[in-house]
Student: 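Questions regarding the structure given below will be posed in turn.
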Protein chains: 2
Amino acid sequence: MNEKSKKSSETSIDYSLLPELLGYQLRLTQLAVFKDFSESVDDAQITPSLFAVLVVINANKDLKQTELAKAVRLDRSSVVSVIDKLEKRNLVIRKRVEGDRRTNALELTKQGRALLSQLTRRVKVHEQRLTENLTEREQATLIKLLGKILPDAR
Amino acid sequence: MNEKSKKSSETSIDYSLLPELLGYQLRLTQLAVFKDFSESVDDAQITPSLFAVLVVINANKDLKQTELAKAVRLDRSSVVSVIDKLEKRNLVIRKRVEGDRRTNALELTKQGRALLSQLTRRVKVHEQRLTENLTEREQATLIKLLGKILPDAR
DNA sequence: TATTGTTATACTCTATAACTATA
DNA sequence: TATAGTTATAGAGTATAACAATA
């Protein structure tokens, strides 16, 4: 039927069409990257997603929760629990906003900024590990090509 | 401090260093791909992960659960619930194995094979959508470059 | 009326640890 | 003793719907 399929045995598995699928390769890569990220920041108990939250809060003065939700593609209610968690860890505070008592202004605490700074250094090392088999040019190509996949869905 | 940062305003968010990170671009791409996959197979209630399970069972006669677990990177106990679910939907059966009564041989049912065949067609359309902005050559380059990221973690 | 944040709730996915039946 | 599958359980992450306060 399919000349690319290999016969299965006790030791080797036939993945059939999966290896040809971009979606599958993307998922495998992601899994490996996620694992390496976690190991890179291990004791900090931070996921890529939480790292992004810290970066975005840090870069946007008095960010509102709804803005954060949009930026990191979470529901407003999910942001509540994310911020609850970070606030309990003394990394983020919700500040009162003058002029609109419905909204909170998010801000990193001193501890949050210190952690972010440490994480940023570790993430850069992690990124170097990701790209150690790629030339500068290949890295640029890769980012460019990724950006061409479903550009309207971002 | 950082000349790449843009001032935030009501309408635009500063993502700071995130866009330069390969891990971040990979995650964004993945999110978009996952969403498009789900829409492509919508009524079938199948995730990329379940699709991979069906493909691997189909391609490997009398696959054992532990082998499947290894192939799709799940714990044995997670495979139990995955197969429970697929068995309830009459897509997969656990067959008795002569000579070793501890193990099950997994097999797609007729319904499972029919669904897989339909899914495979839809996934190919989905893949075409993913790559519609890429030349053949770019597709090959992309898969090649993805394979160079943390090759030892696979 | 519309928006922001919140709560209560539930669902999916996955893992760990302990168990059973077989080998 | 070791292995395959199972069960009970728990945790992370996320969403939906309804609600209160405020605009």
Side-chain angles (χ1 to χ4, degrees), chain A residues 10-11 13 27 30-32 34-35 37-39 41-42 44-54 57 60 62-89 92-107, chain B residues 10-11 27 30-31 34-35 37-39 41-42 44-54 57 60 62-89 92-107:
Chain A
E10 266 99 274
T11 53
I13 294 266
R27 193 163 135 261
Q30 223 341 81
L31 276 176
F34 192 101
K35 184 157 167 271
F37 183 100
S38 301
E39 288 165 7
V41 304
D42 59 352
Q45 292 218 229
I46 287 286
T47 57
S49 179
L50 283 181
F51 176 68
V53 165
L54 294 178
I57 292 175
N60 297 275
D62 294 340
L63 187 69
K64 288 184 246 161
Q65 289 183 201
T66 298
E67 293 170 339
L68 176 60
K70 197 177 171 199
V72 298
R73 293 142 198 259
L74 287 177
D75 187 83
R76 268 149 62 229
S77 66
S78 304
V79 164
V80 171
S81 60
V82 167
I83 300 300
D84 280 353
K85 197 185 322 181
L86 295 175
E87 207 168 32
K88 273 185 196 116
R89 291 169 65 182
V92 168
I93 50 168
R94 290 163 158 111
K95 285 190 310 178
R96 283 291 158 84
V97 170
E98 308 231 355
D100 188 343
R101 296 192 307 190
R102 292 173 307 178
T103 61
N104 300 320
L106 300 174
E107 193 170 81
Chain B
E10 266 99 275
T11 53
R27 194 163 135 261
Q30 237 318 94
L31 276 176
F34 191 100
K35 184 158 166 269
F37 183 100
S38 301
E39 289 165 6
V41 303
D42 59 353
Q45 292 218 230
I46 287 285
T47 57
S49 179
L50 283 181
F51 176 68
V53 165
L54 294 177
I57 292 174
N60 297 276
D62 294 341
L63 187 69
K64 288 184 245 163
Q65 290 181 202
T66 299
E67 293 170 340
L68 175 61
K70 198 178 168 197
V72 299
R73 293 143 199 256
L74 287 177
D75 187 83
R76 269 148 63 228
S77 66
S78 304
V79 164
V80 171
S81 60
V82 167
I83 299 300
D84 281 352
K85 197 186 320 181
L86 294 174
E87 206 168 32
K88 273 183 195 119
R89 291 170 65 182
V92 168
I93 51 168
R94 289 163 159 111
K95 286 189 310 178
R96 284 290 159 84
V97 171
E98 309 229 355
D100 188 343
R101 294 193 308 190
R102 292 173 307 179
T103 61
N104 300 321
L106 300 174
E107 193 171 80

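The basis for the numbers below is simple: all heavy atoms, side chains too, and nothing from hydrogens, waters or symmetry mates. Throughout, protein chains are lettered first and strands after them, A, B, ... in sequence-line order, and every chain is numbered starting at 1.
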Student: Rounded to whole Å, how long is the line connecting atom CG of A:Leu50 with atom P of D:dA12?
Tutor: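 So the CG-P distance, A:Leu50 to D:dA12, works out to 11 Å.
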Student: Heavy atoms under 4.0 Å, any strand shown: does B:Ser78 hit a base, just sugar-phosphate, or nothing?
Tutor: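 B:Ser78: base contact, heavy atoms under 4.0 Å.
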Student: Is there a side-chain contact between A:Lys85 and the phosphate of D:dG13, meaning an N or O under 4.0 Å from OP1 or OP2?
Tutor: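 Yes, because at least one side-chain N or O of A:Lys85 sits under 4.0 Å from OP1 or OP2 of D:dG13.
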Student: Give the rounded distance in Å between these two atoms: CG of A:Asp62 and P of C:dT4.
Tutor: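 In whole Å, C:dT4 P and A:Asp62 CG are 16 Å from each other.
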Student: When rounded to the nearest 0.5 angstrom, what distance separates CD1 in A:Ile13 from CD in B:Glu67?
Tutor: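 Here the rounded value is 5.0 Å.
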Student: Taking 4.0 Å as the cut-off, does a side-chain nitrogen or oxygen of B:Gln65 come that near to OP1 or OP2 on D:dT6?
Tutor: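 So the side-chain polar atoms of B:Gln65 do come within 4.0 Å of the phosphate oxygens OP1 or OP2 of D:dT6, strictly under.
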Student: Between B:Asp75 (CG) and D:dT6 (P), how many Å, whole number?
Tutor: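 After rounding, the reported distance stands at 13 Å.
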Student: Could you tell me whether the side chain of B:Thr47 has a donor or acceptor atom within less than 3.5 Å of a complementary atom in the base of C:dT12?
Tutor: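 Not at all, since no donor on one side and acceptor on the other fall under 3.5 Å apart.
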Student: Output the rounded distance in Å from CG (A:Asp84) to C1' (D:dG13).
Tutor: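 Rounded to the whole Å, the gap is 14 Å.
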Student: To the nearest Å, give me how far apart CD (B:Gln45) and C1' (C:dC11) are.
Tutor: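 Between C1' of C:dC11 and CD of B:Gln45: 12 Å.
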Student: Say whether, by atom type as modelled, one donor and one acceptor occur between the side chain of A:Asp100 and the main chain of A:Arg102 under 3.5 angstrom.
Tutor: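 Checked: pair present.
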Student: Between B:Arg94 and A:Val82, name the one whose nearest nucleotide on DNA chain D is closer to the 5' end.
Tutor: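 The residue whose closest nucleotide sits nearer the 5' end is B:Arg94.
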Student: From the list C:dT4, C:dA21, C:dT14, which nucleotide is the closest neighbour of the side chain of B:Arg102?
Tutor: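 Nucleotide nearest to B:Arg102's side chain: C:dA21.
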Student: Quick one: pull up CD in B:Gln30 and CZ in A:Arg27 and give me the separation to the nearest 0.5 Å.
Tutor: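 B:Gln30 atom CD to A:Arg27 atom CZ measures 8.0 Å (nearest 0.5 Å).
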Student: Whole angstroms only, please: what is the CD-P distance between A:Glu98 and D:dA23?
Tutor: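 From A:Glu98 CD to D:dA23 P: 12 Å.
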Student: Is the base of C:dT16 touched by the side chain of B:Ser77 through a donor-acceptor pair closer than 3.5 angstrom?
Tutor: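 Between C:dT16 and B:Ser77, which were checked side chain against base, a qualifying N/O pair under 3.5 Å is present.
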Student: Select from B:Thr66 and A:Asp100 the residue whose nearest nucleotide in DNA chain D is closer to the 5' end of that strand.
Tutor: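 Looking at the nearest nucleotide for each, B:Thr66 comes out on the 5' side.
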Student: Counting heavy atoms from C-beta on, name the nucleotide in C:dT14, D:dT14, C:dG5 closest to the side chain of A:Thr103.
Tutor: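 Closest of the options to the side chain of A:Thr103: C:dG5.
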Student: Identify the heavy atoms of B:Pro48 and B:Phe34 that sit nearest to each other, and give their distance.
Tutor: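 Between these two residues, the closest heavy atoms are CD-CE1, 3.5 Å.
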Student: Would you mind reading off the distance between B:Asn104 atom CG and D:dT6 atom C1', rounded to a whole angstrom?
Tutor: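 Whole-Å distance recorded here is 10 Å.
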Student: Measuring from atom OG of B:Ser78 to atom CD1 of B:Ile83, what distance do you get when rounded to the nearest 0.5 angstrom?
Tutor: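 Spacing of OG (B:Ser78) from CD1 (B:Ile83) equals 11.5 Å.
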Student: Closest-nucleotide mapping onto DNA chain C: is B:Arg76 or B:Arg101 further toward the 5' terminus? I mean the 5' end.
Tutor: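 Closer to the 5' end of DNA chain C: B:Arg76.
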Student: Distance check needed: D:dT14 P versus B:Phe34 CZ, whole Å only.
Tutor: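 One finds 12 Å between P of D:dT14 and CZ of B:Phe34, rounded.
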